[in-house]
There are 2 protein chains.
Amino acid sequence: MIQIAMIEDDTEMAELIGEFLAKHNIQVTNYDTPSLGLSALKVKSFDLLILDLSLPDMDGLEVCRLVRQSSDIPIIISSARSDMSDKNACFYMGADDYMPKPYESQELLLRIHSILRRYKKEPIEVTKKEIFECSVERQEVRKNGELIYLTNAEFEIMAYFIKRSGFALSREEIITNVDSINYESSVKSIDVMIGRLRLKIEEDPKKPHHIISLRGIGYKLINE
Amino acid sequence: MIQIAMIEDDTEMAELIGEFLAKHNIQVTNYDTPSLGLSALKVKSFDLLILDLSLPDMDGLEVCRLVRQSSDIPIIISSARSDMSDKNACFYMGADDYMPKPYESQELLLRIHSILRRYKKEPIEVTKKEIFECSVERQEVRKNGELIYLTNAEFEIMAYFIKRSGFALSREEIITNVDSINYESSVKSIDVMIGRLRLKIEEDPKKPHHIISLRGIGYKLINE
DNA sequence: ACCAATGGTAACAAGTTGGTAAAATCTGAT
DNA sequence: ATCAGATTTTACCAACTTGTTACCATTGGT
């Protein structure tokens, strides 16, 4: 039995939809205020959320944002408005589908199944997320999606680290593989560069968790 | 770069959509007959398929069924018809979304990202609005819709920047790709042109936020 | 506890790069 | 041919990046 949460202030409408979906083996629980819905989502687990945009005491978009903060649950937004800015905002907030009112229950049913088909297939948290990503063509390194400003040599060192995440790298290896570093440089300058990198990428540069030192060996990047 | 296959017999329409999506880092390859599209899907790998229902020599639904037999690729179906029986059939065949024609390109973009986010665990990629838009036919560049007067060389540089938004561009690359710049010009003249461009497009040309310098590399345009 | 080896980093120095004013050159319209 | 505006070159400066050194802190072995 599929469990769906619904946040819709028009209880009559909610009931109609609920009855229809019940016929198709989907149980809908409606919450007629955003706060009720939000607290229910925290406690119970649902397969999907149907969210009405035009709510009384809180903006539907805000509700969507709040839900997305803590959950990856599929969200279908329905709204009486159908202009692009609304759609834009909804998808931006992480909605999975947008249905302008009025819509046919049958279409809602189809879209629910379509989304769940995709969603259920994805085992949650299978792929560990990488912390650092690097794009050479954009000349940028991102930490959890956030752009980090690096100088050229720093960028290339970081790019090399990312490429060889998890492996121990000697200072010599770093010097020979990073173009921006003069190959005649002393190995000590690597230490300095690493220090500068840490200032930019570590939460606490004094206690590095990403670029760690391997005494007598070199360094390695932890990227997970 | 997201790779999308499209099966659409209206090549003009296909081109329009392709151009729009290209601006958002999505490459579209259109096949104007189902058989072409089907064989392409067997050989190349795409992230998503956009399928038009009203095709000449084969029913779009049949195409959808054939694709689904061998692939789990996300499918967005677009159709001039919008009756429930069509939608029913499409979702039944395993389509991921259904867009009745005519639709706005922007909405297509949103739905593509929404589906890919689920399918590929794509980090919620914010499709921010572009700041700079360029029309070669009109020979104009607009910043947030507002026309900016540029000289010829400035315009072409800007056009190239916009086309390659977000990517690091070397001075050499700029010179060879911008016709208005004599290819024998010294790379230093790029700096001067960039300086003048900044005077016209930056709020504070001394602290550029749109055309940023990449020391030792070149420049890049931030267009979001 | 001591010591030697290693890593961290502040401070400095040298070299490089980008910004830009001003002059020179080019180009196209009249 | 002339002129105005656009483009390119030149030259200089300011800012930034990188590399070295020196000194301190930490580690690990004895």
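As the structure is a computational prediction, the values presented were derived from the model and not from experiment. Convention: sequence-line order gives letters A, B, ...; per-chain numbering from 1.
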key: B/K163 atom NZ, neighbour heavy-atom count above 12 within 6.0 Å   =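 Atom NZ in B/K163 is not packed in, count stays at 12 or less.
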Report, one pair per line, the protein and nucleotides 26-28 of chain C atoms (nitrogen or oxygen only) whose separation is under 3.5 Å.
none

inquiry  = According to side-chain hydrogen bond (donor to acceptor under 3.5 Å, both in side chains), does anything in residues 188-197 of chain B pair up with another residue at least two apart or in another chain? List the pairs.
reply    =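 Those involving residues 188-197 of chain B are B/R171-B/D191, B/K188-B/D191, B/D191-B/Y219.
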query = What pairs meet the side-chain hydrogen bond (donor to acceptor under 3.5 Å, both in side chains) rule with one or both residues in residues 39-50 of chain A, with sequence neighbours excluded?
reply =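 Pairs touching residues 39-50 of chain A that pass the test: A/D47-A/K120.
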request  = Could you check how far CD1 of A/I217 sits from C1' of C/dA5, rounded to whole Å?
outcome  =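 Rounding to the nearest Å, CD1 of A/I217 and C1' of C/dA5 are 14 Å apart.
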key: Atom-pair distance (CD on A/E184; C1' on C/dG15), nearest Å   =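 About 14 Å, once rounded to whole Å.
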ask   = Donor-acceptor pair, A/K220 side chain versus A/L214 backbone, under 3.5 Å?
value =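 No.
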task = Return yes if some donor-acceptor pair links the side-chain N/O of A/D96 with the main-chain N/O of A/I75 below 3.5 Å, else return no.
result =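 A pair under 3.5 Å: yes.
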key: salt_bridge(A/R138, A/E133) N-O dist < 4.0 Å   =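 Judged by the 4.0 Å cut-off on N to carboxylate O distance, A/R138 and A/E133 do not form a salt bridge.
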task = Determine to 10° how strongly the helix from C/dA1-D/dT30 to C/dT30-D/dA1 is bent, judged from the axes of its five-pair ends.
result =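 What I find for the helix from C/dA1-D/dT30 to C/dT30-D/dA1 is an axis angle of 30°.
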request  = Quick one: which residue pairs count as a ring pair (Phe, Tyr, Trp, His ring centres under 6.0 Å) with a foot in residues 165-215 of chain A, not counting sequence neighbours?
outcome  =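 Output for this query lists A/F132-A/H210.
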request  = Give me the one residue out of B/L51, B/L49, B/L108 that meets side chain to side chain contact (heavy atoms under 4.5 Å, CB included) with B/I76.
outcome  =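 When B/L51, B/L49, B/L108 are each tested with B/I76, the side chain to side chain contact (heavy atoms under 4.5 Å, CB included) holds only for B/L108.
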ask   = Does the salt bridge (Lys or Arg N to Asp or Glu O under 4.0 Å) test come out yes or no for B/E107 and B/R111, once each step is laid out?
value = CA-CA 6 Å; B/E107 179 161 357; B/R111 290 184 178 273; 3.0 Å; yes
Atom pairs, N/O to N/O, protein against nucleotides 23-27 of chain D, distance under 3.5 Å?
from: D/dT26; atom 1: O2; to: A/R215; atom 2: NH2; distance (Å): 3.2
from: D/dT27; atom 1: O2; to: A/R215; atom 2: NH1; distance (Å): 3.4

key: Strand-adjacent residues in residues 147-177 of chain B, judged by heavy atoms under 4.0 Å from DNA chain C   =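 Residues of residues 147-177 of chain B that come under 4.0 Å of DNA chain C are, in numerical order, B/R171.
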inquiry  = Can you list, in residue-number order, the parts of residues 189-207 of chain A that come under 4.0 Å of DNA chain C, counting heavy atoms only?
reply    =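 Result for residues 189-207 of chain A: A/D191, A/V192, A/R196, A/R198, A/K206, sorted by number.
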query = Listed by chain and number, what are the ring-ring contact (aromatic ring centres under 6.0 Å, His included) partners of B/F20, not counting sequence neighbours?
reply =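 Residues passing ring-ring contact (aromatic ring centres under 6.0 Å, His included) with B/F20: B/H24.
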[N] OP1/OP2 closer than 4.0 Å to side-chain N/O of [X]:
{"X": "B/Y219", "N": "C/dT17", "result": "no"}
{"X": "B/S186", "N": "D/dT8", "result": "no"}
{"X": "A/S185", "N": "D/dT18", "result": "no"}

message = Can you classify the ring geometry of A/Y31 versus A/F46 as parallel (below 30°), tilted (30 to 60°) or perpendicular (above 60°)?
response =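 The arrangement is perpendicular - the two ring planes meet at more than 60°.
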query = What residues, two or more places apart in sequence or in another chain, satisfy salt bridge (Lys or Arg N to Asp or Glu O under 4.0 Å) together with A/D83?
reply =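 Salt bridge (Lys or Arg N to Asp or Glu O under 4.0 Å) check on A/D83 returns nothing, list empty.
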message = With salt bridge (charged side-chain N to carboxylate O under 4.0 Å, His left out) as the rule and sequence neighbours excluded, what pairs involving residues 146-156 of chain A come up?
response =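 Counting only pairs at least two positions apart or across chains, the salt bridge (charged side-chain N to carboxylate O under 4.0 Å, His left out) contacts touching residues 146-156 of chain A are A/E154-A/K200.
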message = Please report the interatomic distance CG(B/N223) to CD1(B/I211), rounded to the nearest 0.5 Å.
response =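 Between atom CG of B/N223 and atom CD1 of B/I211 there are 10.5 Å.
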key: With B/E173 via side-chain hydrogen bond (donor to acceptor under 3.5 Å, both in side chains) - residues at least two apart   =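 Partners of B/E173 under the side-chain hydrogen bond (donor to acceptor under 3.5 Å, both in side chains) test: B/Y160, B/R164.
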